[in-house]
Amino acid sequence: MTTPHPRLTLTEEVAEALLDGRPVVALESTIISHGMPYPQNVEMATEVEEIIRAEGAVPATIAVLHGRPRAGLDRADLELLATSSEVGKVSVRDLAHVIARGGHGATTVASTMRLAALAGIRVFVTGGIGGVHRGAERSFDISADLTELATTPVAVISAGVKSILDIGLTLEKLETLGVPVLTYGTDDFPAFYSRVSGFRSPLRVDSPEEIAATMRAQWELGMTAGLSIANPVPEAEEIPAERIDGIIERALAELAEAGIGGKDATPYLLGRIVELTEGESLRTNIALVKNNARLGARIAIHYAAGTKGGS
């Protein structure tokens, strides 16, 4: 078992689970503070934690509160993240600054991965990962999620690369970085809101047991990269690509016209897409996160069982 870093504060539930070698699933907090409106964000966060517990694992939502990295939050913490204007969007580059200032930070995929690894948590559930932004050949806007996946041994379960990004270039970048990209139960790589992106899956897996075995093989070989596990949104909840693509293009055009970039781009785009779809994209987002939580919990259970068994 990895001893949690002394800078981290763990809830008793999370600390005991890690000590006992029981399955723990990390969750990010940017989706709460910057990814959804209130009160749907708190409801989603609470329901996702309940799903993970119902599957037999322990949820550990990660954030920085009062300058202290935390793994495991209570209801009051979730409310603070969901409502306070003092909560910043914190990637890896921002962690030390927020901690030193005693501030509040909602963690992105990259920073959640880093803190999860420090805690000894190997499985992390999110909605969608960041990647290469459209027009990156001019802006060089590439998410730190990708470089973190290349260096931090955590398995990230998502519904694929966010549809607002350049999915093809993101897959190429992940290949260059040596990150295994596994798609669950399909030969098609999913596109967040949609089950199909137009790109084939680099690697297919068909069970949580197979994913857990791949994780163990990856890290037993001494490779430090994480794994990106793409889990398609349930068919009944998807927004077909032919419908969502035009909406995304409109939101991107409005983003460019407004001159918004950097860390503000993704929250703006996701919020605008919610408006343009009259809430349908928010419902899909919530559905895919819940779906990922179920799979993530099952992966964590099999990974913990195999690790205890010494395999």
Measuring from atom [atom1] of [X] to atom [atom2] of [Y], what distance do you get when rounded to the nearest 0.5 angstrom?
| X | Y | atom1 | atom2 | result |
| --- | --- | --- | --- | --- |
| Thr147 | Met113 | OG1 | CE | 9.5 Å |
| Leu255 | Arg272 | CG | CZ | 11.5 Å |
| Leu95 | Arg7 | CG | CZ | 11.0 Å |
| Ile247 | Tyr193 | CD1 | OH | 9.5 Å |

Give a yes-or-no answer on whether the side chains of [X] and [Y] include a donor-acceptor pair shorter than 3.5 Å.
| X | Y | value |
| --- | --- | --- |
| Thr186 | Thr183 | no |
| Glu238 | Thr284 | no |
| Thr9 | Arg68 | yes |
| Glu148 | Thr152 | yes |
| Tyr38 | Glu79 | yes |

Residue of the set Leu171, Ile164, Leu169 for which side chain to side chain contact (heavy atoms under 4.5 Å, CB included) holds with Ile167: Leu171
Would you mind checking if [Y] and [X] are paired as a salt bridge, meaning a charged N to carboxylate O distance below 4.0 Å?
| X | Y | value |
| --- | --- | --- |
| Asp166 | Arg134 | no |
| Asp188 | Arg200 | no |
| Arg53 | Glu50 | no |
| Glu55 | Arg298 | yes |
| Arg204 | Asp206 | yes |

Out of curiosity, does [Y] fall in the hydrophobic cluster containing [X] (side-chain heavy atoms, cut-off under 4.5 Å, transitive links)?
| X | Y | answer |
| --- | --- | --- |
| Val196 | Leu182 | no |
| Leu27 | Val92 | no |
| Val14 | Ile301 | no |
| Val181 | Val123 | yes |
| Ile51 | Tyr303 | no |

Would the distance check show the side chain of Thr107 and the main-chain N or O of Glu28 forming a donor-acceptor pair, the cut-off being under 3.5 Å? no
pair Ile157-Val25: side-chain heavy atoms closer than 4.5 Å: no
Hey, are the side chains of Met36 and Asn285 touching, using non-hydrogen atoms and a 4.5 Å cut-off? yes
Quick check: are there more than 12 heavy atoms from other residues, nucleotides or ligands sitting under 6.0 Å from [atom1] of [X]?
| X | atom1 | answer |
| --- | --- | --- |
| Lys173 | NZ | no |
| Glu12 | CD | no |
| Glu175 | CD | no |

